[in-house]
Amino acid sequence: MSALPHVEVKGLTVTARNAAGETFPIVSGIDFALQRGEVLALIGESGSGKTTIALTLLGHARPGARIASGSIRVGDVDLTTLDRSALAQLRGNRIAYIAQSAAAAFNPSRTIMEQVIEPALIHDLMPRGEAEAKAVELFRGLALPFPDTIGSRYPHQLSGGQLQRLMAAMALITDPELVILDEPTTALDVTTQIEVLRAFKAVVLERGATAIYVSHDLAVVAQMADQIVVLSQGRIKEAGAAAQILHAPADDYTKTLMAAARPAIRPAPAKAKLPAAPLLEIKGLTAGYGKIDKDGRPRIPVLRDINLTIERGATLGVIGESGSGKSTIARVIAGLLPPASGQVLLDGEILPPGLKGRSHEQFRRVQLVFQNADTALNPAHSVGRILERPLAFYHGLKGNAAHLRVLELLDLIRMPATLIEQPIGGLSGGQKQRINLARALAADPQLILCDEVTSALDTVVGAAILELMAELRRELGIATMFISHDISTVRAICDDILVLYAGTMVETGPRAAFETAPFHPYTDLLIGSVPEMRAGWLEESHAGSAPPPIGAAGDHPDLCRFLPRCAARVDGLCNTAPPPRHMLAKGSRILCHHGDESLIPS
């Protein structure tokens, strides 16, 4: 290995100006170096400077910021000495960038092939025919379906995981010597994430590229990185070999990150003496979109025959991939989507199917906390104004009485009273999500529907929100439906768990039943796809492996919906007969032909 690093950053400082025109550092004193072919991970909370540093390796600073000092060398070139023209020759050529959201990065009006080969054509590296042939080779290497023809499709015709891999193909078409991956799997389900990680790692290794990997997911970092730099507030807290940082961190902040990445099993709080009847029941629920036919089925079905119960003060975790119907259940309960058939009962009373007909009191008792606080809260309004509105609407509180209750709510969510006049737009992501939760609490509800409330937050902030919810449950005895695609978190904090696949309940049961195998094959896939915080896990994992071959599926409408992906499918049974719903010995109910003895061990 060459003694001279391939990538070397020394004394990097990036500054910006505040509203008063004063200059302040965003990141400062950054030093690291990589040999050719190594992967360095930049980790830390939101706002720690990860992406700011990564972008400087393109010679770029965000609007209002500038690279104030230091050197950034890639190969034999110091990027800080180059003019715009020289930087343009490097970007998308010798240095490539893979963004977090491929869906936002692709042009919806152009085919995939046109966009993937564009960097090679812009830099005049090869003729179009050669570029297209190379793109197909990359599609195949990235394990994309139909590699010979996928380039003729448009972005909207592909899944998020496919687009993320196609963005990697676009970055690698020029054979870059440095690849910057900026949170490339954060927005993906765990099952899709593992496929994308495998593809990224294989192609980067095969081509011998050096890489910078930006992430707040330490388990993902463990699969990709040779070195790790831990950042906080624009400064390096700790740097070293990946194994040392992950398993023997020296800095207290790094230890905090590690602890937050491993959610501890929370004991259920002692339940107060409450009425024995369940708080919420759903019976035979079918829901979807479009016109409902004579058999009570919507034109676009989403949920099929959903039955569940939430006890008073309990937490039900609803887990599944994107598109499984998790959020649709919450929308039906909240009255935002009328069901096609079935009933929703609150305290034994049937709720009207939609918003129309529901009473003021029914609205108050069930509150929905949306995933993205940025879109759920008006950025122009102050914290106080946002929290006062439900107090006035549900309880008639105004003036000093409302003000005092707002202060109580801020104390309840562990936020200082000084923020009461602060505009929402000036808060951090974690603070906004706390206000989002406080707005629901202002109604004094019995049930809160939490729709992916931590998925957009970094590890430490997400852990703090989960801890807050646990404290509120202990103090107030509120029941919760916790919707997530993170099965590790669900298993850590929920009393009962419901696993959804394609709108169908495939496994339900108490938390204890999800601690050991056997599981429904889909639950097993979800659990097996969660990366472990150790190097080599990705290579050892069999999650997502190809299912055994079977004959053509029959035409029965109730065949197993997981059949095309199931590693435990049996020819002549799973493709001909609907699966039964039955109990496993450990206490969970599954929708599957297999029983305790024949299920795949996790």
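What's counted below: heavy atoms across the whole structure, side chains too, no hydrogens, waters or symmetry copies.
Within 6.0 Å of CZ in Arg299 there are 12 or fewer heavy atoms belonging to other residues, nucleotides or ligands. Dense packing is recorded around CG of Asp148, with more than 12 heavy atoms of other residues, nucleotides or ligands lying under 6.0 Å away. Few gaps surround CZ on Arg565; more than 12 heavy atoms of other groups in view lie less than 6.0 Å from it.
The two residues Ala209 and Pro176 make their nearest non-hydrogen contact at CB-O, 3.8 Å. Shortest non-hydrogen contact noted between Ala99 and Gln164 is O-NE2, 2.8 Å. The two residues Leu563 and Cys574 come nearest to each other via the heavy atoms CD1-CB, 3.7 Å. Nearest approach of Val530 to Val190, heavy atoms of both residues: CG2-CG1, 4.4 Å. The minimum heavy-atom distance between Ile43 and Leu257, with the atom names listed, is CD1-CD1, 4.2 Å. Contact between Ser541 and Gly528 at its shortest, heavy atoms only, is OG-O, 3.7 Å.
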Practice task
Carefully, step by step, assess Ile53 and Val214 under the rule side chain to side chain contact (heavy atoms under 4.5 Å, CB included).
Solution key: CA-CA 9 Å; Ile53 294 169; Val214 175; over 6 Å; no

Practice task
Start with the C-alpha gap between Ile112 and Leu158, add the side-chain angles, then the distance that decides, and say whether side chain to side chain contact (heavy atoms under 4.5 Å, CB included) holds.
Solution key: CA-CA 10 Å; Ile112 291 296; Leu158 301 166; 3.7 Å; yes

Handout entry: Full working for side chain to side chain donor-acceptor pair (under 3.5 Å) between Ser215 and Asp217
Key = CA-CA 5 Å; Ser215 183; Asp217 189 329; 5.6 Å; no

Exercise for the section: Verify side chain to side chain donor-acceptor pair (under 3.5 Å) between Asp182 and Thr51, making sure each step is shown before the conclusion. Expected result: CA-CA 7 Å; Asp182 191 359; Thr51 296; 3.1 Å; yes

Handout entry: Residue pair Phe139, Leu166: steps toward the side chain to side chain contact (heavy atoms under 4.5 Å, CB included) verdict
Key = CA-CA 7 Å; Phe139 297 160; Leu166 287 163; 3.4 Å; yes

Problem - Steps toward salt bridge (Lys or Arg N to Asp or Glu O under 4.0 Å) verdict (Glu114, Arg128) - result: CA-CA 10 Å; Glu114 286 178 314; Arg128 176 178 287 271; 5.9 Å; no

Problem - Leu498/Ile319 under side chain to side chain contact (heavy atoms under 4.5 Å, CB included): CA gap, chis, key distance, verdict - result: CA-CA 6 Å; Leu498 161 62; Ile319 186 82; over 6 Å; no

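Looking only at distances, a side-chain donor or acceptor of Arg91 sits under 3.5 Å from a matching main-chain atom of Gly59. Within the 3.5 Å criterion, the main-chain N or O of Val302 finds no donor-acceptor partner in the side chain of Thr328. Not a single donor-acceptor pair under 3.5 Å links the side chain of Thr13 to the backbone N or O of Ser28. In this structure a side-chain-to-backbone donor-acceptor pair under 3.5 Å is present from Asn575 to Gly572. Judged purely by atom type and a 3.5 angstrom limit, Arg66 has no side-chain atom pairing as donor or acceptor with the backbone of Ala61. Judged by distance alone, with hydrogens and angles left aside, the side-chain atoms of His60 form no donor-acceptor pair with the main-chain N or O of Ala54 at under 3.5 Å. A distance-only check finds a donor-acceptor pair linking the side chain of Gln157 to the backbone of Tyr154 [under 3.5 Å]. In this structure, Thr504 contributes its side chain and Val506 its backbone to no donor-acceptor pair below 3.5 Å. Formation of a donor-acceptor pair under 3.5 Å by the Arg153 side chain with backbone atoms of Thr111 is not found in this model. A donor-acceptor pair under 3.5 Å links the side-chain atoms of Arg304 to the main chain of Ala502, judged by distance alone.
Note that CZ of Phe146 is 13.0 Å distant from CZ of Arg140, once rounded to the nearest 0.5 Å. Of the inter-residue distances, the one linking Lys50 atom NZ with Leu55 atom CG reads 12.0 Å to the nearest 0.5 angstrom. Once rounded to the nearest 0.5 Å, the distance linking CE of Met113 with CD of Glu118 reads 13.5 Å. One distance of note links CZ of Arg62 with OG1 of Thr52; it measures 4.5 Å at 0.5 Å rounding. From Phe519, atom CZ reaches atom CD1 of Ile527 across 3.5 Å, with rounding to the nearest 0.5 Å. In this structure, CG on Leu559 lies 7.5 Å from OG1 on Thr576, to the nearest 0.5 angstrom.
Shown here are the side chain to side chain donor-acceptor pair (under 3.5 Å) partners of Glu238, two or more places apart in sequence or in another chain: Gln244, Thr254. With sequence neighbours left out, the side-chain contact (heavy atoms from CB on, under 4.5 Å) criterion links Arg73 to Leu4, Pro5, Glu8. With sequence neighbours left out, Phe562 forms a ring pair (Phe, Tyr, Trp, His ring centres under 6.0 Å) with Tyr501, Tyr522.
Between the side chains of His6 and Glu177, at least one donor N or O lies within less than 3.5 Å of an accepting N or O. Counted by atom type alone, Ser109 and Asn107 present one or more donor-acceptor pairs between their side chains at under 3.5 Å. For Thr210 and Glu38, the side-chain atoms include no donor-acceptor pair closer than 3.5 Å. Of the N and O atoms on the side chains of His485 and Glu321, not one donor lies less than 3.5 Å from an acceptor on the other residue. Counting only N and O atoms by type, the side chains of Ser484 and Asp486 include no donor and acceptor under 3.5 Å apart. Looking only at atom types and distance, the side chain of Glu45 has a donor-acceptor partner in the side chain of Tyr253 under 3.5 Å away.
A 4.5 Å side-chain heavy-atom check between Pro579 and Cys560 finds at least one atom pair inside the cut-off. Between Glu195 and Thr191, the closest side-chain pair of non-hydrogen atoms is not below 4.5 Å. Leu79 has its side chain within reach of Ile95: a pair of non-hydrogen atoms, C-beta onward, lies under 4.5 Å apart. Here the side chains of Lys255 and Asp251 are not in contact, with every heavy-atom distance at 4.5 Å or above. At least one side-chain heavy atom of Thr185 sits under 4.5 Å from a side-chain heavy atom of Val220.
Salt-bridge annotation for Lys134 and Glu130: absent, with no side-chain N of the basic residue lying under 4.0 Å from a carboxylate O of the acidic one. Salt-bridge formation is not detected for the pair Lys326/Asp451: no Lys NZ or Arg NE/NH1/NH2 atom is positioned less than 4.0 Å from an Asp or Glu carboxylate oxygen.
Applying side-chain hydrogen bond (donor to acceptor under 3.5 Å, both in side chains) to Glu539 and the options Gln223, Arg198, Lys201 leaves one that passes, Lys201. None of Val14, Leu42, Ile72, Leu231 except one satisfies the side chain to side chain contact (heavy atoms under 4.5 Å, CB included) rule with Ile30; the exception is Leu231.
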